[in-house]
Amino acid sequence: QGAGGALLLPGSLAIINAAFPREERGRAIGIWSGFSAITAAVGPVLGGWLVDHASWRWVFFINPPIAVLILGITFWRLSESRDEGGSHRLDWPGALLATVALGGITFAMIEGHQNTGLSIFAASAGTVALAALLVVEMRSPDPMLRLSLFRSRVFTGSNLITLFLYTALSGLLFFFPLDLIQVQHYTATQAGAAFLPLIAVMFVLSGWSGGLVSRYGARMPLIVGPLFAAAGFALAARPGIGGPYWSTYFPAVAVLGLGMAMTIAPLTTAMMTSVPESLAGTASGINNAISRLAGLLSVAVFGLVLLVASRHDLAHKLDELGLPAAERISLEQQRSEFATVKTGNARIQRAVAEAFVDGFRRTLWLAVGLSLACSVTAVLLIDRGETPLPEDDLHRGSTESDLARKHV
């Protein structure tokens, strides 16, 4: 599935870049975002229903019929586009180093609370691989990560916003269902349906948000949109345990959907129009890799924050209860189970649930900070009037040191 996603996602935006003139891409990308929202809406609800009524294994049977449909549309409607002057060689050293770097750093973050030798080794290996990746990509004639693209302020700013915003959103999407199911006692289907207002707002406003770029440029939506997203994350931190969905989580999900709708299409449009058309696939691939990296880091970082904060709060609550030593030890052995700790004591169960909610709130305030960082980044780096850097300059990248040595 990872290989299939790697082949599909960058290509979808590159096709839009090749098929639409520059002045129409904003609306086209907005519609693309809207249809992405539809799939995001159906997925959690259908997956939750399958978990409740069949098995989680059935979710893997969703993709085959969709793949057949995609192949049919591809052969029927899709014309080919390519960079005729581009290289056909793959950057295997870069791919290997990127895998080791991301795998090592993520593993170290997930296991960091245990402070084991393995997690320290993984962090060291990941850091060294990341440094080596930058060196290799600067020198490679056909780099996987074309660093010269980051000479564009808009491209750099767009990818920073992608990293911040998708880290915040992915953290919510991963841990919010845990809160709904384990603490609020929603069914899996209900937990999936809880995201529907977010997706509905994104879908309804997708074309409108794409048109904002044509009228006002990307800068203003990328300043204002993350502010609404920050408000949505803050509202999600308000509920405690219990209460109806419409007065607890619905306002947060709806406001967050408005913020994401205002941000995603302008963000993608700004990124894609900051590079020449011949490098659209490369730029899209980098941006998609950064969004996947954000999802990876969010689970590791948010999970660490949630775990540490929950344990700290739970320890204080258990001290107040004055539990016997044997019962305290039993709880310590289950400390990685979050809110699913097994105990027959109602007071302990309440303390565990409250500690989880407290930890979840910490992750949401972290998401608020990341959203505000998106707005600051837009103010500093997104320039409405910037034109794409010259294509020759962007292709030059890794061979500059060789040319300089020959000149000397």
Side-chain angles (χ1 to χ4, degrees), residues 1-14 59-60 63 67 83 86-150 155-156 158-171 173-175 268 271 275 279-305 307 370 394-395 397-399:
Q1 298 222 7
L7 291 169
L8 283 170
L9 287 173
S12 64
L13 281 174
V59 300
F60 293 102
N63 280 350
D83 178 10
S87 171
H88 298 286
R89 290 183 295 182
L90 294 177
D91 180 14
W92 291 109
L96 178 62
L97 286 170
T99 303
V100 173
L102 297 180
I105 292 172
T106 304
F107 180 87
M109 288 180 176
I110 293 174
E111 298 295 327
H113 63 280
Q114 297 184 10
N115 197 27
T116 62
L118 184 59
S119 62
I120 295 174
F121 172 78
S124 302
T127 303
V128 171
L130 181 60
L133 172 66
L134 297 178
V135 174
V136 168
E137 298 304 273
M138 284 191 291
R139 297 177 177 273
S140 173
D142 301 294
M144 175 187 70
L145 179 63
R146 193 175 293 278
L147 298 177
S148 58
L149 289 172
F150 290 94
F155 185 79
T156 300
S158 300
N159 282 286
L160 277 175
I161 294 172
T162 298
L163 180 64
F164 296 150
L165 188 64
Y166 279 87
T167 298
L169 180 64
S170 299
L173 294 178
F174 189 85
F175 292 105
T268 308
M271 185 274 300
V275 300
L279 293 175
T282 300
S284 177
I286 291 173
N287 188 255
N288 276 283
I290 289 175
S291 66
R292 301 289 85 78
L293 170 62
L296 197 66
L297 293 177
S298 68
V299 176
V301 175
F302 280 48
L304 184 60
V305 171
L307 185 62
L370 289 169
L394 292 173
H395 276 295
S398 59
T399 59

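These values consider heavy atoms only, across backbone and side chains, with no hydrogens, waters or symmetry-generated copies. Computed from a prediction, not measured in an experiment: that's the story for all the values here.
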Look up atom [atom1] in [X] and atom [atom2] in [Y], then write down how far apart they are to the nearest 0.5 Å.
X: Phe155; Y: Leu160; atom1: CZ; atom2: CG; value: 10.5 Å
X: Leu370; Y: Leu163; atom1: CG; atom2: CG; value: 8.0 Å
X: Ile161; Y: Thr268; atom1: CD1; atom2: OG1; value: 11.0 Å
X: Leu145; Y: Leu134; atom1: CG; atom2: CG; value: 7.5 Å
X: Arg146; Y: Ile286; atom1: CZ; atom2: CD1; value: 8.5 Å
X: Ile290; Y: Ser158; atom1: CD1; atom2: OG; value: 10.0 Å

Is there a donor-acceptor pair under 3.5 Å between the side chain of Ser140 and the backbone N or O of Val136?
no
Compare all side-chain heavy atoms of Gln1 with those of Phe60 and state whether any distance is below 4.5 angstrom.
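Gln1 vs Phe60: side chains touch.
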Would you call Glu137 and Asp91 a side-chain contact if the rule is heavy atoms closer than 4.5 Å?
yes
In short, Ala101 meets Leu130 closest at the heavy-atom pair CB-N, 3.6 Å
Check Ser119 against Ala108 and note the closest heavy-atom contact, atom names and distance.
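So the two residues come closest at O-CB, 3.5 Å.
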I'd like to check the side-chain hydrogen bond (donor to acceptor under 3.5 Å, both in side chains) partners of Thr162; sequence neighbours left out, ordered by chain and number.
Asn287
Show me the donor-acceptor pairs within less than 3.5 Å that the side chains of residues 292-302 make with the rest of the protein, sequence neighbours left out.
{"unit_1": "Ser298", "atom_1": "OG", "unit_2": "Ala294", "atom_2": "O", "d": "3.4"}
{"unit_1": "Ser298", "atom_1": "OG", "unit_2": "Gly295", "atom_2": "O", "d": "2.8"}

